[in-house]
Amino acid sequence: MQLPKSIRDELIDELDDFLDAIAEPAVEQVVAYLLEQLEVQGEDRGQDDLVADMEEEGALDGSLTETLENEMESNDEFEFTGEEVVSLLERIVGIEWEDDDGKKDDDDDDDFDDEDDDF
């Protein structure tokens with residue numbers, strides 16, 4: 001699934017703010033907030049039912065909610081940061097982030113070129 005990188009950035013910012021406001025976040029709270037924000041970000045960009053689309057495209061055994069909760073609970077080293085939560089989501093669903101202009105985030109004309117392309 002391809003989504004605009006701006007959604008990723010917004011999710012991380014919103015989750016970091018949410019997690020900073022909670023002393024000890026519960027897995028269920030974090031997952032519910034993530035999915036709520038994901039729907040809001042999708043709707044803001046004209047992509048309704050983003051969570052349902054992810055569940056369908058990700059070919060998950062259960063719901064996205066259950067899958068995320070199980071992954072977080074089963075990993076003793078999981079850290080509740082916006083980056084960690086969004087990284088888990090992208091791994092589970094197989095999200096590829098693209099620039100808002102439609103290019104994949106990791107697009108380069110030459111994948112073997114280690115230099116930064118500043119145009």
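Just so you know, these numbers come straight off a predicted model, no measurement behind them.
Remark: E90 CD to E96 CD distance equals 10.5 Å, nearest 0.5 Å. If you take CG on L19 and CD on E79, they are separated by 11.5 Å, rounding to the nearest 0.5 Å. Atom-to-atom distance recorded for S87:OG and I12:CD1 is 6.5 Å, nearest 0.5 angstrom. To the nearest 0.5 Å, atom CD of residue E69 and atom CD of residue Q29 are 11.0 Å apart. Summarising the geometry, atom CG belonging to L3 is positioned 5.5 Å from atom CG belonging to L50; distances are rounded to the nearest 0.5 Å.
In this structure a side-chain-to-backbone donor-acceptor pair under 3.5 Å is missing from E84 to T81. In this structure, the side chain of N70 engages the main chain of E66 through a donor-acceptor pair within 3.5 Å. Side chain of E55 to main chain of L64: a donor-acceptor pair is present (N/O by atom type, distance under 3.5 Å, no hydrogens or angles).
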Does the pair L38 and L89 meet the rule for a side chain to side chain contact (heavy atoms under 4.5 Å, CB included), with working shown?
CA-CA 10 Å; L38 193 56; L89 173 70; 4.0 Å; yes
Side chain to side chain contact (heavy atoms under 4.5 Å, CB included) for D44 and E10? Distances and angles first, verdict last.
CA-CA 11 Å; D44 286 351; E10 286 293 325; over 6 Å; no
Could you go step by step and tell me if L15 and Q37 meet the side chain to side chain contact (heavy atoms under 4.5 Å, CB included) rule?
CA-CA 9 Å; L15 282 163; Q37 289 302 309; 6.0 Å; no
Does R8 form a salt bridge (charged side-chain N to carboxylate O under 4.0 Å, His left out) with E83? I'd like the steps, not just the answer.
CA-CA 9 Å; R8 183 183 199 283; E83 182 70 38; 2.5 Å; yes
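Screening residues 18-57 for ring pair (Phe, Tyr, Trp, His ring centres under 6.0 Å), with sequence neighbours left out, gives F18-Y33. Applying the ring pair (Phe, Tyr, Trp, His ring centres under 6.0 Å) test to every pair with at least one member in residues 67-91, sequence neighbours left out, gives these pairs: F78-F80.
E43 and D48 get closest at one heavy-atom pair: CG-OD1, 3.5 Å. Annotation for T67 and I92: closest pair CG2-CG2, 3.8 Å, computed over non-hydrogen atoms. Heavy-atom minimum distance, E73 versus E28: OE2-OE2, 3.5 Å. Contact between G82 and D16 at its shortest, heavy atoms only, is N-OD1, 2.7 Å. What you find for P4 and R45 is that their closest heavy atoms are CG-CD, 4.3 Å.
Shown are L34, V30, V27; of these, the side-chain contact (heavy atoms from CB on, under 4.5 Å) with L68 is made only by L34.
The shortest side-chain heavy-atom distance between M1 and D53 falls under the 4.5 Å cut-off.
Note on V40 and V86: separate hydrophobic clusters, where clusters join Ile, Leu, Val, Met, Phe, Trp and Tyr whose side-chain heavy atoms are under 4.5 Å apart, directly or indirectly.
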